Amino acid sequence: MSMFLQQCPPLFTFPSSSPSFSAQISVKSTVLCCLSPSPVTVVNGNTERSSSERNEIRLGLPSKGRMAADTLDLLKDCQLSVRQVNPRQYVAEIPQLSNMEVWFQRPKDIVRKLLSGDLDLGIVGLDTVTEYGQGNDDLIIAHDALEYGDCRLSLAIPKYGIFENINSLKELAQMPQWTVEKPLRVATGFTYLGPKFMKENGLKHVTFSTADGALEAAPAMGIADAILDLVSSGTTLRENNLKEIEGGVVLESQAVLVASRKSLIQRKGVLDTTHEILERLEAHLRAVDQFTVCIFFFLLL
Ligand SMILES: Nc1ncnc2c1ncn2[C@@H]1O[C@H](COP(=O)(O)OP(=O)(O)OP(=O)(O)O)[C@@H](O)[C@H]1O
Ligand SMILES: O=P(O)(O)OC[C@H]1O[C@H](OP(=O)(O)OP(=O)(O)O)[C@H](O)[C@@H]1O
């Protein structure tokens, strides 16, 4: 079960293997720009009207990238057809769910918009929820195992040089090289989870740099000593002479259904719609699992 569910005391409970919900308040993140003569406030959406003014239930789905096609496939398998009027538009409907509006967004923006109250539900990777949700308990993992998008957020170091005989986080932490003047340099896109993980694991002398991709190049370029990035097959690490280490996995991730706790409690119909989606997901995923077990036994015979 997800860390969010473990943290939150349940108020509402769904039947079957699914989730529990409880109440609280959402936080709108605000960035103040200090260079401008009069400060500019940047909010993550919802500037025109209060989110409580709308009546539709909004579901955010990944607009492109790895998760997009698999998410639509899963919904289709649950007999939920996502109908886009125009492929260039970011809005769609699911006729089987009344009052449902689908919005296609980048995964990190789905999380931001759940927090700002501009979305009620979303499907993204657990890594994205954890990184961009930053522990905000308005985010509830309604289903924590949609069985695609599997990967792990993992620390990796070079196989060569001073790291040749280092195979665990403990050994990495005990290397005498890391000092206040010369800290361990980690390249990552996970600037919330990275520092949190290092602190929790007692690594004191660490600095972080960030980039939007191709992080595996950073050690060979001399920019970083280690990287913290998503790994699935491990091919990219191997091809770049990097290795994972024992104790270096920050998070195991797969696609999840996330809900805004505030929406579940305050917005009419969200709880029922979530329940309906969960029942369809469970029915489909149980059928897939049973099919997989049958195939397994068939292969054993
Ligand atoms: N090998 C992998 N590498 C990266 N992400 C993976 C991998 N396998 C599964 N995923 C999942 O896919 C998601 C990445 O999807 P995608 O590349 O579309 O988005 P993104 O990189 O977060 O978006 P953006 O381009 O806006 O930064 C990850 O958050 C993770 O949940
Ligand atoms: O373990 P693997 O199966 O090799 O997958 C891991 C790689 O995939 C992702 O990068 P992506 O392909 O999204 O490109 P990016 O580096 O530009 O983000 C991730 O950031 C790793 O680099």
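Ligands are counted one by one from 1 in listed order, and the atoms in each one are counted from 1 as well. In this text, all values refer to a predicted model and were calculated from it rather than measured experimentally.
Counting only residues at least two apart or on different chains, no side-chain hydrogen bond (donor to acceptor under 3.5 Å, both in side chains) pair has a member in residues 205-222.
Of the charged side-chain nitrogens involved, at least one lies within less than 4.0 Å of a carboxylate oxygen, so that Asp109 and Arg112 count as a salt-bridged pair. Look at Asp120 and Arg54 and you find a salt bridge, because one of the NZ, NE, NH1 or NH2 atoms lies within 4.0 Å of a carboxylate O, short of that distance.
Using a 4.5 Å cut-off between side-chain heavy atoms of Ile, Leu, Val, Met, Phe, Trp and Tyr, Ile223 falls into a hydrophobic cluster with Met221.
Closer than 4.0 angstrom to ligand 1 lie heavy atoms from Lys64, Gly65, Arg66, Met67, Arg106, Pro107, Lys108, Gly125, Asp127, Thr128, Gly149, Asp150, Cys151, Leu230, Ser232. Near ligand 2, Arg66, Gly213, Ala214, Glu216, Asp229, Leu230, Val231, Ser232, Ser233, Gly234, Thr235, Thr236 each place a heavy atom less than 4.0 angstrom from the ligand.
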Going through the distances and angles, do Tyr148 and Thr71 end up as a side chain to side chain donor-acceptor pair (under 3.5 Å)? CA-CA 8 Å; Tyr148 67 96; Thr71 303; 2.8 Å; yes
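Using modelled atom types, no side-chain atom of Asn240 and backbone atom of Leu242 make a donor-acceptor pair closer than 3.5 Å.
No side-chain heavy atom of Arg58 sits under 4.5 Å from any side-chain heavy atom of Lys113. Between Thr191 and Phe208, the closest side-chain pair of non-hydrogen atoms is not below 4.5 Å.
Residues Leu61 and Leu80 fall within the same hydrophobic cluster, defined by Ile, Leu, Val, Met, Phe, Trp and Tyr side chains chained together at heavy-atom separations under 4.5 Å.
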